[in-house]
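Have a look at the structure below, then the notes.
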Amino acid sequence: MHDTLAHIPKMTGYAHSACDHAFLKGYRDEGALAISPAGFPIALRHSAIGALTDPSTTRQLETESLRQQGIADGPIYELFSRSMLFSNAGLHKKRRGPISRTFAFKLMEGMRSEVSRLAGEIVTSAKGCGEFDFLDAFAGEIPARIIAQILGLPESEMPRFRTLVYSVTRAFKVGFDLSQRAEIERDFEVLIDEVDRLIEEGKRHERDDFLSRLVVDAQERFEVSLEDIRWQVITLIIGGSDTTRLALCSTLALLLSHPDQWQAFCRDPEGLKKQVVQEGLRYEPPIASFSRVALQDIALEGHVLPAGSPVSVCLASAMRDERVYADPFKFDIFRDDHTRWHPAFGAGEHRCVGEALARAELEECLAAIARLAPETTLVQAPVVRGLNGIRRIDQMRVVMN
Ligand code: HEM
């Protein structure tokens with residue numbers, strides 16, 4: 001590695017750390033960069049987010065790391081080679097363009113009443129029925145059902161769709177378990193058939209919905225093939241599932257472990273739902289970090305990241321940066337120092353295309369719980385862990401009353 005990285009501290013002892021945030025803080029205090037347990041430079045301060053998502057960096061091609069794991073074909077490989085998430089420059093614009101036009105703010109805002117109805121239904125059936133796993137029974141249901149509705153999937157196919165979604169999502173986790181490859185790829189093939197069928201229906205204009213508009217827009221305006229649309233739709237399905245599921249759990253758990261703030265929220269769910277989600281995403285972001293490659297030498301608060309170096313931008317650390325947030329280890333839904341663009345959704349050309357939907361889902365679900373089940377109690381808080389990509393979460397047990 002270039003000698004400009006020689007004096008950067010190496011992170012050690014991560015596996016034994018009780019809390020990601022305390023671990024990260026130690027290194028963030030020392031400097032803007034460290035060498036992560038995986039051996040790459042990791043940028044720890046808030047200022048790095050803008051600096052490392054401008055045109056001085058590019059998106060790493062994840063197909064290289066897949067090849068190193070022996071995956072050089074099949075649907076996982078295809079997804080990583082065709083998805084907007086791992087594309088750059090003109091190709092990225094072409095792949096993202098039709099989705100960002102069609103998956104528009106207005107359409108997603110329109111989903112609020114449906115999210116609220118669905119959340120109300122789950123709360124009503126769980127209320128008074130004793131302890132249950134919120135991760136599975138509530139948080140896992142919402143993103144899968146809502147995206148299925150947006151894609152025009154009939155109600156009867158929802159349970160099977162949900163199982164497929166969380167199965168294929170495993171391929172997006174950094175260093176996923178290779179022994180699961182065959183099973184994930186089998187489910188991928190079924191999901192691909194499902195998505196292709198829905199796109200075909202959209203092409204025949206059988207409905208006036210998101211997919212029909214996407215097909216027209218993609219083909220007429222961006223000259224994108226139907227096969228390409230398939231991979232972007234699958235990216236949407238995967239990108240919005242684990243992330244939103246995790247944020248729902250962690251934000252509710254944080255609220256329930258701060259009774260004063262939970263009670264304040266229950267008194268005014270409509271007025272406080274936006275602030276609650278802002279703070280939940282800052283305190284425990286679903287995506288801990290994302291990677292880029294430096295296209296030129298980049299100066300970062302006293303360090304130089306050499307051209308060609310991969311770098312991980314650590315959102316989990318940046319959103320606890322004392323230089324930006326007052327008392328950052330305090331969960332406070334009333335804080336007024338959130339930045340205009342929330343870092344949890346990334347920055348630059350790859351900034352999350354599903355932000356409006358994610359916010360609608362999180363705000364409406366949490367408001368529904370506060371309104372309908374203010375006596376909810378936390379039996380087992382979830383543990384959120386991970387420094388790379390989408391973080392892991394285990395079960396979360398609650399009683400709703
Ligand atoms: C709380 C929930 C969510 C969080 C925290 C989140 C976070 C992020 C972040 C940080 C990125 C940028 C990754 C990078 O630069 O490498 C991203 C990209 C993306 N997200 Fe989300 N996301 C969420 C929900 C959603 C939803 C609901 C959808 C769609 C249904 C979605 C679809 C996408 C897509 C397609 C991209 C790739 C954009 C591109 O490469 O141009 N996300 N998300």
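Positions are given from 1 along the sequence.
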Carboxylate-amine/guanidinium contact R197 D193, below 4.0 Å
no
Classify the angle between the aromatic ring planes of F134 and F138 as parallel (below 30°), tilted (30 to 60°) or perpendicular (above 60°).
parallel
From CA spacing to verdict: salt bridge (Lys or Arg N to Asp or Glu O under 4.0 Å), E349, R96
CA-CA 9 Å; E349 302 207 319; R96 178 177 165 124; over 6 Å; no
Under 3.5 Å, is there a donor-acceptor pair between the side chain of D321 and the main chain of R45?
no
H303 meets the ring-ring contact (aromatic ring centres under 6.0 Å, His included) criterion, sequence neighbours left out, with none
In terms of relative ring orientation, are F172 and F86 parallel, tilted or perpendicular, with 30° and 60° separating the classes?
tilted
Within the distance-only criterion (no hydrogens, no angle test), does the side chain of Q275 pair as donor or acceptor with the backbone N or O of I333 below 3.5 angstrom?
yes
How far does OG of S36 sit from CD1 of I8, to the nearest 0.5 angstrom?
11.5 Å
Look only at the side chain of E189 and the backbone of E185, and say whether a donor-acceptor pair between them is shorter than 3.5 Å.
no
Taking the six-membered ring of Y325 as reference, does the cationic atom of R282 (NZ for Lys, CZ for Arg) lie under 6.0 Å from its centre and within 45° of its axis?
yes
Does the salt bridge (Lys or Arg N to Asp or Glu O under 4.0 Å) test come out yes or no for R221 and D217, once each step is laid out?
CA-CA 5 Å; R221 208 178 250 267; D217 216 48; 3.6 Å; yes
Heavy-atom side-chain proximity of T376 to V123 below 4.5 angstrom:
no
Looking at R117 and E114, is there a salt bridge between them, counting it only when a charged N and a carboxylate O are closer than 4.0 Å?
yes
Not counting sequence neighbours, which residues clear ring-ring contact (aromatic ring centres under 6.0 Å, His included) with F103? List them please.
F210
Shortest non-hydrogen contact from P310 toward P41
O-CD, 3.3 Å
Are I393 and L135 close enough, and set up right, to give a side-chain contact (heavy atoms from CB on, under 4.5 Å), and what steps lead you there?
CA-CA 9 Å; I393 185 164; L135 175 72; 3.9 Å; yes
Test side-chain contact (heavy atoms from CB on, under 4.5 Å) applied to L226 and V215, step by step:
CA-CA 7 Å; L226 288 184; V215 170; 3.9 Å; yes
Distance-only, no hydrogens or angles: does the W262 side chain make a donor-acceptor pair with backbone N or O of P374 under 3.5 Å?
yes
Charged N to carboxylate O below 4.0 Å: is that the case for R186 and E183?
no
Between the side chains of K94 and D228, is the shortest nitrogen-to-carboxylate-oxygen separation below 4.0 Å, so that they form an ion pair?
no
Give a yes or no on whether the backbone of R82 and the side-chain of R95 come within a donor-acceptor separation of less than 3.5 Å.
yes
Quick one: does R230's side chain have a donor or acceptor within less than 3.5 Å of a partner on I192's backbone?
no
The single option from H342, Q278, E364 passing side chain to side chain donor-acceptor pair (under 3.5 Å) against R359
Q278
So which atom in A137 and which in I122 form the shortest heavy-atom distance, rounded to 0.1 Å?
O-CG2, 3.6 Å
Starting from the C-alpha separation in whole Å, work towards a yes-or-no answer on side-chain contact (heavy atoms from CB on, under 4.5 Å) for L198 and V233.
CA-CA 10 Å; L198 292 166; V233 170; over 6 Å; no
Could you tell me whether E121 and R145 make a salt bridge, using a distance below 4.0 angstrom between a side-chain N and a carboxylate O?
no
Report yes or no: does Q232 contribute a side-chain atom to a donor-acceptor pair with the main-chain N or O of M84 at less than 3.5 Å?
yes
How far apart are the C-alpha atoms of L79 and F188, what are their side-chain angles, what is the distance that settles it, and do they pass the side-chain contact (heavy atoms from CB on, under 4.5 Å) test?
CA-CA 10 Å; L79 173 69; F188 242 120; 3.7 Å; yes
Has R59 got a side-chain atom pairing as donor or acceptor with L85's backbone, closer than 3.5 angstrom?
yes
Under the side chain to side chain contact (heavy atoms under 4.5 Å, CB included) test, residues paired with P259 that sit two or more places apart
Q263
F23 ring centre to R28 NZ or CZ under 6.0 Å, with the angle to the axis within 45°?
no
Decide whether Y166 and D242 meet the rule of one side-chain donor and one side-chain acceptor closer than 3.5 Å.
no
Counting only N and O atoms by type, is there a donor-acceptor contact under 3.5 Å from the side chain of R170 to the main-chain atoms of S167?
yes
Begin with the C-alpha distance, continue with both residues' side-chain angles, and end with the deciding distance and a verdict on salt bridge (Lys or Arg N to Asp or Glu O under 4.0 Å) for D136 and R162.
CA-CA 11 Å; D136 182 58; R162 184 196 145 146; 2.9 Å; yes
Hey, is the main chain of P55 close enough, under 3.5 Å, to the side chain of T58 for a donor-acceptor pair?
no
Nearest 0.5 Å please: distance from the NE2 atom of H21 over to the CZ atom of R320.
4.0 Å
One thing to verify: whether R181 and D73 come together as a salt bridge, which I'm taking to mean a side-chain N less than 4.0 angstrom from a carboxylate O.
yes
